[in-house]
Amino acid sequence: MSGETPRDLEKLFEEFCINELMDHMIYKALARIEPDPKRKKLLERLAEQEYQHYLFWRSLLGRDCKAPRPRVSLVAVAYRLLGPAFTLRLLERGEGSAVERYRSVAERLPDELRPKLEAIVRDEEEHERLLLQEFEDVRVKYLGYVALGLADAIIEITGVHAGFLGVTASTIMAGIAGLVVGFSAAISMASAAYLQAKHGEEESPTVSAAITGLSYILSVILLALPYFLIHDMLIGFLASVAIGLALTGSLAYYSAVVQEKPFTREFAENAGLLLGTAIASYIFGQALREVFGVSALIE
């Protein structure tokens with residue numbers, strides 16, 4: 001940190017002060033909505049630790065700092081909808097980078113303050129271990145079935161739409177074809193998920209089948225929607241592919257956070273499968289159009 005001015009250090013202290021105050025407010029808000037008594041107590045403990053960290057940085061800053069409240073509300077919504085495993089791991093990613101920055105600042109602090117900062121670093125490192133141990137989430141347990149339904153639907157239905165891109169200019173026909181194929185495939189995938197879970201020990205077969213089927217049919221509806229709103233086949237197809245990539249990216253990011261895997265590689269693999277299927281299906285549809293003249297029958 002050579003060449004750093006007192007003003008630069010003050011900005012760092014203010015940033016750390018805001019971050020710790022924000023974490024305190026977030027954990028406190030999550031404790032209020034957490035129904036499990038053991039988890040609530042842990043969140044309250046983390047909130048108190050973060051408050052002490054905030055006081056430390058406020059004392060170094062020499063004045064108070066303010067944290068934006070809207071982010072607290074957004075995190076609380078994510079906690080309810082996306083689950084504690086995703087939300088808390090996402091928060092801890094930020095704390096992990098903060099630990100490294102705290103260590104880099106330690107050398108600029110007076111000797112008597114360094115033990116306090118070291119204690120704060122230990123607290124932050126302990127948070128990750130506690131959260132991984134205590135906050136199991138049913139959403140994570142069934143994540144594989146969500147991925148099964150969503151990923152298969154995106155690849156299969158995008159393939160159907162791409163095939164129709166080479167066969168007909170009727171967006172309505174392409175949309176209906178995707179829905180028909182998707183509805184049948186959703187039932188098939190739900191049945192397969194039921195049988196798979198039935199031979200397992202942890203997941204409920206009924207819940208697994210329902211999650212797979214719903215993930216599949218909801219993806220199908222979203223992918224087919226552009227064809228009923230846009231009457232240009234190419235634009236409708238591109239809009240559908242964009243929705244497929246957005247769904248793929250969302251699932252890949254969620255999985256990357258809760259399973260601590262690299263996001264870029266997983267998304268690239270899924271996107272490659274989707275686009276590869278689309279290209280192959282389009283070529284096949286063009287071949288059908290040329291060989292059988294089917295476009296004349298359904299345009």
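Distance NZ/K11 to CG/L61: 13.0 Å, rounded to 0.5 Å. Rounding to the nearest 0.5 angstrom, the gap separating the CD1 atom in I154 from the OG atom in S219 is 5.5 Å. Between the CG atom in L60 and the CG atom in L55 there is a gap of 11.5 Å [rounded to 0.5 Å]. A distance of 11.0 Å separates CG of L195 from OG of S208, quoted to the nearest 0.5 Å. The CE atom of M22 lies 12.0 Å from the CD atom of E50; values are rounded to the nearest 0.5 Å. One finds the CG atom of L30 at 11.5 Å from the CE atom of M25 (value rounded to the nearest 0.5 Å).
Ring planes of W57 and F13: tilted class, angle from 30 to 60°. Ring geometry for Y102 versus F16: interplanar angle over 60°, hence perpendicular rather than tilted (30 to 60°). Ring orientation note: the planes of F267 and F263 are close to parallel, at an angle under 30° on the 30°/60° scale.
Heavy atoms only, all atoms of each residue included: A174 and H161 are closest at O-CD2, 3.4 Å. What you find for V257 and R89 is that their closest heavy atoms are O-CD, 3.4 Å. For V220 against A153, the heavy-atom pair with the smallest separation is CG2-CB, 4.2 Å.
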**salt bridge (charged side-chain N to carboxylate O under 4.0 Å, His left out) between R63 and E10, worked out** = CA-CA 11 Å; R63 55 182 171 83; E10 181 184 352; 3.4 Å; yes
**Request:** Applying side-chain contact (heavy atoms from CB on, under 4.5 Å), run through H53 and L21 and close with a yes or a no.
**Result:** CA-CA 8 Å; H53 301 171; L21 179 57; over 6 Å; no
**Worked verdict on L229 versus L225 for side-chain contact (heavy atoms from CB on, under 4.5 Å)** = CA-CA 7 Å; L229 301 176; L225 189 60; 3.8 Å; yes
**Request:** Applying salt bridge (charged side-chain N to carboxylate O under 4.0 Å, His left out), run through K28 and E48 and close with a yes or a no.
**Result:** CA-CA 8 Å; K28 190 175 180 179; E48 177 58 29; over 6 Å; no
**Request:** List the steps, then state whether side-chain contact (heavy atoms from CB on, under 4.5 Å) holds for Y27 with Y51.
**Result:** CA-CA 10 Å; Y27 285 129; Y51 185 74; over 6 Å; no
**Message:** Is there a side-chain contact (heavy atoms from CB on, under 4.5 Å) between I176 and F228? Walk through the geometry before answering.
**Reply:** CA-CA 9 Å; I176 291 174; F228 297 101; 4.1 Å; yes
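Atom CZ of R80 has 12 or fewer heavy atoms from other residues, nucleotides or ligands within 6.0 Å.
Salt bridge R58/E20: absent, no basic N to carboxylate O contact under 4.0 Å. A salt bridge is absent between R114 and E118: the closest approach of a Lys/Arg side-chain nitrogen to an acidic carboxylate oxygen does not fall below 4.0 angstrom.
In this structure, the side chains of V121 and R103 come closer than 4.5 Å at one or more pairs of heavy atoms. Side chains of I217 and F183 form a contact here, defined as non-hydrogen atoms less than 4.5 Å apart. Y216 places none of its side-chain heavy atoms less than 4.5 Å from the side chain of L150. By the 4.5 Å heavy-atom criterion applied to side chains, T171 and I230 are not counted as neighbours. For the pair Y79 and P84, the minimum side-chain heavy-atom distance is below 4.5 Å. Two residues are said to be in side-chain contact when any heavy atoms from C-beta on lie closer than 4.5 Å; I172 and Y227 fail this criterion. Side-chain contact between V241 and L275 is present, with heavy atoms from C-beta onward closer than 4.5 Å.
In this structure, S240 contributes its side chain and G236 its backbone to no donor-acceptor pair below 3.5 Å.
Evaluation of the disulfide (SG to SG under 2.5 Å) test over residues 36-71, restricted to residues two or more places apart or in two chains, returns C17-C65.
Side-chain atoms of D64 and Y54 form a donor-acceptor pair, as typed in the model, at a separation below 3.5 Å.
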